[in-house]
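See below for the structure under consideration.
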Amino acid sequence: MIRTIVVDPHAPSHLAFKEVDAPQPKPWEALVQVKAVSLNRGEVSDAKNQEISSRPGWDFAGIVIEPAENGAGPQKGARVVGLLPKGAWSEQVAAPVPLLAEIPDKLTFTEAATLPVAGLTALYALRKGGLLLGKRIFITGSNGGVGLFAHQLAVQSGAYVVGTASTEEKAELVREVGSDEVIIGYSAISSASKFGPYDLIIESVGGNTLAALLPQLAPQGICVAVGFSSSNTAMIDMKNMVTSGGRTLYSFFLGEELTRQSVADDLSLLARLVIDERLIPRIQVEASWTEIDTVACNLKERKFSGKAVLHLD
């Protein structure tokens, strides 16, 4: 038996511990002893909508204790990072080797656990813009996990980057990761036009923010919609979209993107960037996974920016 985190409607965060059978890996899966996991606001917020005793969790880092039977992927004893569609917040996980990457000794499990969902989302969203050298990029949700990674990767690509923050204090964090300009307050999002038009917009707020930003796309520009933290509906000015022409609104879902990407290679890339100090995970909270209830509630209430990592005892 192993311990895992499951959905529990009686807990304040809707998350609690339960003992379950240890995973039985399929031939293409490696058995991993999990050392650290990271939380994403989406999986935490959605727990209240999931079935009782379902097992959330996407990001994990740990040690391979049983390699895949087919011989592929990291071998026994390898330090790895990976992601699952569910159930990563467990003492042990069975992970498909295409979603698993070996990490160097210099990379801590804490750092590695931040990379899968937030890092890959930032990387794949930026790739939609093609060659970014000299391009103008606008990023909403700048001080979240995806936003902070996206800023750093965009700056290294030679882009001129404009970010957002709800307060001056949070704006300072966005400047620290390289943003050229920061718009403070989503109510002032229309003021972003003075730094545009934008070749690429990475948008995670939805609602009025998405509607206000679409007209700020440059010709052949693309807006990559990665979330809807404010509202899942938006009133779009279709006349502007049609008569401007050449602009693209791209619906981004990481699960779909993973089917067309080399996940292991891309996780290895992100890991190397962290080792080279070209990408810095902004970890705002570290705690034991026994504190899942408190940390998850604080994340949902936006009491901190950046990533939260939980260590398994």
Side-chain angles (χ1 to χ4, degrees), residues 1-40 42-44 46-47 50-69 72-103 105 107-119 145 263-264 267 271 281 283 285-299 307-313:
M1 301 292 285
I2 64 166
R3 285 196 303 166
T4 189
I5 293 174
V6 300
V7 171
D8 181 348
H10 301 295
S13 66
H14 293 87
L15 299 168
F17 285 92
K18 183 178 181 180
E19 284 200 347
V20 299
D21 291 334
Q24 301 298 314
K26 297 179 175 62
W28 57 88
E29 294 177 330
L31 185 64
V32 178
Q33 187 74 37
V34 177
K35 296 295 185 180
V37 299
S38 73
L39 309 187
N40 298 282
E43 63 200 337
V44 170
D46 198 43
Q50 302 301 309
E51 292 183 5
I52 296 175
S53 292
S54 61
R55 298 168 59 179
W58 300 330
D59 300 338
F60 68 90
I63 299 174
V64 174
I65 55 177
E66 188 178 309
E69 186 180 315
Q75 297 303 295
K76 184 175 181 178
R79 304 170 72 253
V80 294
V81 62
L83 72 162
L84 293 172
K86 61 180 179 179
W89 300 341
S90 303
E91 290 179 316
Q92 294 179 2
V93 297
V97 292
L99 302 181
L100 204 58
E102 191 164 351
I103 58 175
D105 291 339
L107 188 70
T108 67
F109 290 125
T110 303
E111 294 169 323
T114 69
L115 297 177
V117 168
V263 177
L267 284 173
I283 301 166
V285 174
E286 284 189 69
S288 166
W289 76 325
T290 58
E291 299 180 46
I292 179 67
D293 206 39
T294 299
V295 176
C297 286
N298 288 342
L299 178 60
K307 294 293 292 180
V309 177
L310 301 182
H311 303 281
L312 276 68
D313 301 328

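Keep in mind that the numbers below use all heavy atoms, side chains included, and drop hydrogens, waters and symmetry copies.
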Check your understanding: Got a donor-acceptor contact below 3.5 angstrom from the Thr108 side chain to the Glu111 backbone?
Key -> yes
Point to revise | Donor-acceptor under 3.5 Å (Gln92 side chain, Ile2 main chain) | key: no
Is there side-chain contact between [X] and [Y], with at least one heavy-atom pair below 4.5 Å?
| X | Y | value |
| --- | --- | --- |
| Val7 | Glu51 | no |
| Phe109 | Val309 | no |
| Val285 | Asn298 | no |
| Leu267 | Pro116 | yes |
| Val6 | Phe17 | no |
| Asp59 | Leu115 | no |
| Val117 | Glu43 | no |
| Leu31 | Pro23 | yes |

Practice item. Would you sort out whether Thr110 and Ile283 count as a side chain to side chain contact (heavy atoms under 4.5 Å, CB included), showing the intermediate values? Key: CA-CA 9 Å; Thr110 303; Ile283 301 166; 3.6 Å; yes
Review point. Tell me, which pairs form a salt bridge (Lys or Arg N to Asp or Glu O under 4.0 Å) where one or both residues lie in residues 286-296, sequence neighbours left out?
Key: none
Check your understanding: So which pairs with a foot in residues 6-33 pass salt bridge (Lys or Arg N to Asp or Glu O under 4.0 Å), sequence neighbours left out?
Key -> none
Practice item. Kindly write out the residues that satisfy salt bridge (charged side-chain N to carboxylate O under 4.0 Å, His left out) with Arg3, not counting sequence neighbours, or none if the list is empty. Key: Glu91
Between [X] and [Y], what is the shortest heavy-atom contact and its length?
| X | Y | value |
| --- | --- | --- |
| Ala118 | Asn40 | N-OD1, 4.3 Å |
| Trp58 | Trp89 | N-NE1, 4.1 Å |
| Val263 | Pro98 | CB-O, 3.5 Å |
| Lys307 | Ser38 | NZ-OG, 3.6 Å |
| Val64 | Ala30 | CG1-CB, 4.4 Å |
| Leu100 | Ala264 | O-CB, 3.3 Å |

Point to revise | side chain to side chain donor-acceptor pair (under 3.5 Å) partners for Thr290, two or more places apart | key: Ser288
Study note, to complete from the structure: Glu69 meets the side chain to side chain donor-acceptor pair (under 3.5 Å) criterion, sequence neighbours left out, with none
Revision key, fill the gap. CD1 of Ile65 to CD1 of Ile63, rounded to nearest 0.5 Å, is 9.5 Å
Exercise for review: Can you measure from CG (Leu15) to CD1 (Ile292) and round to the nearest 0.5 angstrom?
Suggested key: 5.0 Å
Output side-chain donor-acceptor pairs under 3.5 Å for residues 74-86, partner residues at least two apart or in another chain, one line each.
residue	atom	partner	partner atom	Å
Gln75	NE2	Gly73	O	2.9
Arg79	NH1	Pro104	O	2.7
Arg79	NH1	Leu107	O	3.1
Arg79	NH2	Leu107	O	2.7

